[in-house]
Structure formats: C-alpha cells, structure tokens
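Side chains included, hydrogens not; waters and symmetry mates left out as well; all remaining heavy atoms used. All values derive from a computational prediction rather than experimental measurement.
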Amino acid sequence: MLNLLHRHILKEIVVSTALATALFIFVLLVGNALRDVFGLVVTGKLDVILFLKLMGLLIPYVAAYALPMGMLAGTLMGIGRLSSQQEITAMKAAGVGLFQIATPVFFIATTGMLIGLVVNLHYAPQSRVAYKKLMVSAIIENPIGFIEERRFINEFPDTVIYTDEREGNVLKGVWFWKLDDEKRVELFIRGREGHVHFRMEDHTLLLTIMDCLVEKRRADSPEKFAEDIVVPTFGELSFEWSMDEIFGAEKPAKTKVKHMTFAQLMELRERALSAEREAGVSLSGERMSIQFHIQKNSALAYSLFSLAIFGVPLAMRIGRKESYANFGIALAIAMGYYFLMIVVSWMEGMIALRADLLIWLPNILFQGAGFYLLIRANRH
C-alpha cells in the first residue's frame with residue numbers, strides 16, 4: 001500500500017516541480033534577455049542563432065535560482081491538490097503518518113539538492129563566464145554595427161550619436177552630443193563626415209569626426225542655449241570607447257570570485273592560506289570572500305531541501321488546488337528566503353561576523369520552521 005501511495009505522490013510532485021521549474025527558468029531567462037541581449041537582437045547586432053546560444057548558456061546560471069523556487073512551488077501544487085481533494089485526510093485515516101506521506105517529497109528534494117550542488121559549484125559559474133565571453137566576441141566581430149544610420153545611438157557612456165548615412169566605415173552627416181552627469185548637453189558637434197575604426201589589440205572603438213562645427217555650453221547652465229556658447233571650427237575630432245568596459249568583459253586572469261568554479265575557488269583558497277601563513281594572519285578578507293561564495297552556492301543548493309520541508313506542512317494547511325495561488329505563495333516565500341540571503345551577503349566583508357557560516361542561517365530558519373510545522377501537523 002505504501003509503495004502505491006508513494007508512487008502516486010511521487011508522480012504528482014515530479015510533474016508539478018518540473019512544470020514550475022521550467023516556468024521559473026523561462027521567466028528568469030526572459031528577464032536576463034531583456035536586460036542584456038534583446039535590444040541587440042532587435043537592432044541586428046546579434047543574429048537569432050547566437051541569441052539562442054547565449055540563452056542556452058544562461059540556463060545553468062538561472063537554474064541555480066529557479067530550482068529552489070520550482071521545488072517549493074511543486075510541493076505546494078502537488079501536496080496542495082492532494083490536500084484539497086481530501087486524499088491526505090484519507091491517507092491519515094488509513095494510518096499513514098505525515099512523514100511517510102512526505103517521503104517522496106524528501107527524495108525529490110534530496111535528488112534536486114545534489115543536482116543543484118553540481119550546477120551551482122561548477123556549471124553555473126562556468127556558463128556565466130562563457131556567456132560573457134561569447135557576448136563580447138559577438139560584438140567584437142561586428143563592433144562597427146553599433147553605429148546605425150538614422151538612429152540615435154546611446155549605448156556609449158554619456159554620449160549620443162546620430163548619422164544621416166553610413167557606408168561601411170564612413171559616416172555622412174554626423175551629430176554628436178556629449179552629456180554631463182545630469183544628462184545635459186555640454187558639448188555638441190556637427191560633422192560633415194566621420195570614420196569608424198576598431199582597434200583589435202585593446203578592443204577599442206574609435207570615431208573620428210571631420211569638418212566639425214563645435215558648440216560648447218557653459219558648465220554652470222548648459223540648458224541656456226543663448227548664453228556664452230562658443231562655436232569654433234576644427235578639422236577633425238576623435239573619440240574612443242573600450243568595448244570591454246561597456247560590456248563588462250572579463251579576461252580569464254581577472255575572473256571574479258563569484259564566477260569561479262569550485263575547483264578554481266579551492267585553488268585560490270590554498271594560495272590565500274599560504275599568504276596568511278606567511279603574514280601570520282588567521283583569516284584574510286580574500287579567503288573570507290572565497291569561502292563565502294563556496295558556502296553561498298552550497299547553501300543555495302541545500303535550499304531545495306529546506307524549502308521543500310517548509311512547503312509540505314504549509315501545503316497541507318492551505319490545501320489549495322489553484323496553480324496560480326500556489327505559484328504566488330511559493331514566490332512570496334522564495335523572495336523572503338532570498339532577501340535573507342541578500343542581507344547576509346551585505347556582511348561579506350565583515351570578517352568578525354563570519355558571513356561564510358552565517359549564510360546558512362536562512363536554511364536553518366526555514367528548515368527548523370518546516371520540521372516544527374510538520375511535527376505539529378502530524379500530532380493532529
């Protein structure tokens with residue numbers, strides 16, 4: 001009987017969790033796409049094939065956050081539906097305890113936790129670095145494509161560019177606005193012609209404007225066009241932008257700690273330990289940062305188990321079969337969990353507080369509350 005019940009509950013939870021996880025991955029992918037690459041696709045700077053490759057590389061990265069939310073939503077949906085249809089009540093009446101009912105949930109959560117651990121410590125940081133590299137290399141292959149005719153180009157910091165016509169590297173009728181910190185025009189240049197070049201050795205885009213008419217506004221009141229505007233004429237003016245800075249390109253030697261795999265972090269930790277022994281320091285800020293990110297990724301993977309435990313008695317108490325309601329509840333709980341993670345992350349630089357250990361506090365709180373509610377529900 002128990003095997004039959006377990007298979008029934010297991011099927012319910014697996015289907016619900018898979019659907020919820022897929023939905024959360026899709027939502028997070030769309031959010032990242034809108035922020036990073038969707039505009040580049042629309043303007044023709046990235047083709048569809050490259051866009052799909054970038055989205056594929058983002059899946060492990062967003063899965064680190066989607067898996068815990070999917071596990072929680074799947075638990076609420078699966079157990080909630082069984083509870084709303086009185087199946088949980090029937091099981092309890094047949095002498096089946098809540099811990100036995102929850103066994104399939106714990107099995108799925110443990111499996112998901114192990115998968116999440118591998119993803120968080122290896123594939124997620126690896127795919128994030130690959131995503132950044134592919135993004136930058138795609139732009140570098142066609143950097144001049146940023147300069148489009150008859151469109152106001154504002155991708156460059158504190159700059160707006162417009163050109164009437166473009167033929168390869170040559171621009172006709174160039175308009176150039178230099179903005180101050182308050183986004184007010186402090187310098188306006190009108191050029192008959194412009195040339196765009198890309199310097200491969202340092203990934204720098206250069207714009208040279210020829211036969212310039214320059215209007216320089218007063219620094220204290222640039223919005224007052226009629227006051228003290230200087231209008232000199234120059235043969236040509238040049239400007240340059242680092243594409244690495246614009247797109248946050250990271251060279252392999254300067255990969256951020258949060259984008260390193262577990263093997264890279266452990267290697268870096270060994271070097272930090274050696275430096276500490278030479279300096280006679282017990283715990284350096286560098287090693288704290290390394291250990292914090294290792295523990296954070298591990299805690300995030302373990303959150304599948306913690307949130308599942310919390311979700312089981314909550315689903316039995318709420319007993320709702322509506323998917324949208326369960327999604328809303330799961331999202332609210334997950335946001336509370338991630339908020340606690342963010343609060344602890346703010347303490348990363350405070351060595352005395354040991355943020356690398358404190359990062360487990362959200363899991364302890366949610367898991368403790370889940371076991372308390374489960375034990376309490378089992379007594380009734």
Side-chain angles (χ1 to χ4, degrees), residues 25-67 115-148 153-157 159 169 196-207 240-272 286 289-290 292-294 296-297 300-301 345:
I25 287 176
F26 174 76
V27 171
L28 292 173
L29 278 179
V30 170
N32 279 272
L34 290 174
R35 185 189 63 188
D36 292 342
V37 300
F38 189 71
L40 299 176
V41 175
V42 171
T43 56
K45 299 183 182 73
L46 294 178
D47 59 40
V48 176
I49 300 299
L50 189 56
F51 171 76
L52 293 176
K53 287 182 180 179
L54 288 168
M55 291 300 97
L57 287 172
L58 272 180
I59 289 176
Y61 178 74
V62 301
Y65 299 92
L67 282 170
I115 294 172
L117 197 62
V118 175
V119 170
N120 293 2
L121 291 175
H122 183 75
Y123 291 106
Q126 193 177 58
S127 66
R128 186 64 177 176
V129 172
Y131 169 85
K132 288 282 188 181
K133 288 180 179 178
L134 182 58
M135 182 80 165
V136 173
S137 64
I139 299 302
I140 288 173
E141 287 178 5
N142 183 30
I144 298 175
F146 265 84
I147 309 296
E148 302 175 53
I153 300 138
N154 54 14
E155 282 88 354
F156 304 106
T159 303
N169 292 7
V196 185
H197 297 282
F198 184 69
R199 197 165 58 214
M200 180 61 73
E201 55 267 23
D202 58 355
H203 297 172
T204 299
L205 188 68
L206 298 99
L207 171 63
E240 61 180 50
W241 299 271
S242 169
M243 302 300 278
D244 288 348
E245 290 181 4
I246 293 173
F247 292 100
E250 296 173 339
K251 299 178 181 179
K254 294 184 179 180
T255 301
K256 292 181 180 179
V257 171
K258 65 180 180 180
H259 293 157
M260 289 183 177
T261 63
F262 178 73
Q264 291 172 322
L265 288 170
M266 290 303 294
E267 183 180 346
L268 196 62
R269 182 177 179 273
E270 287 301 317
R271 292 203 294 266
E286 182 183 6
S289 178
I290 296 166
F292 174 81
H293 285 288
I294 293 173
K296 181 180 179 181
N297 289 332
L300 196 59
S345 297

Can you name the closest pair of heavy atoms from [X] and [Y] and give their distance?
X: Ile290; Y: Leu265; result: CG2-O, 3.4 Å
X: Ser127; Y: Tyr61; result: OG-N, 3.8 Å
X: Leu54; Y: Tyr131; result: O-CD1, 3.5 Å

Look up atom [atom1] in [X] and atom [atom2] in [Y], then write down how far apart they are to the nearest 0.5 Å.
X: Leu117; Y: Leu67; atom1: CG; atom2: CG; result: 11.5 Å
X: His259; Y: Lys132; atom1: NE2; atom2: NZ; result: 6.5 Å
X: Glu267; Y: Met260; atom1: CD; atom2: CE; result: 9.0 Å
X: Arg269; Y: His293; atom1: CZ; atom2: NE2; result: 14.5 Å

- Show your working on side chain to side chain contact (heavy atoms under 4.5 Å, CB included) between Met266 and Ile294 and close with a plain yes or no. CA-CA 9 Å; Met266 290 303 294; Ile294 293 173; 3.8 Å; yes
Using side-chain heavy atoms (C-beta onward) and a distance below 4.5 Å, is [X] in contact with [Y]?
X: Leu58; Y: Arg128; answer: yes
X: Met55; Y: Ile59; answer: no
X: Val257; Y: Glu286; answer: no
X: Phe262; Y: Pro125; answer: no

- Item | Residue among Leu205, Leu206, Asn169 satisfying side chain to side chain contact (heavy atoms under 4.5 Å, CB included) with Phe198 |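 The option that passes is Leu205.
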- Message: Looking at Phe51, I'd like to know if its CZ atom is crowded, meaning that more than 12 non-hydrogen atoms belonging to other residues, nucleotides or ligands lie closer than 6.0 Å.
- Response: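 Yes, enclosed.
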- Kindly say whether His122 contributes a backbone atom to a donor-acceptor pair with the side chain of Thr261 at under 3.5 angstrom?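 Looks like no, no N/O pair under 3.5 Å.
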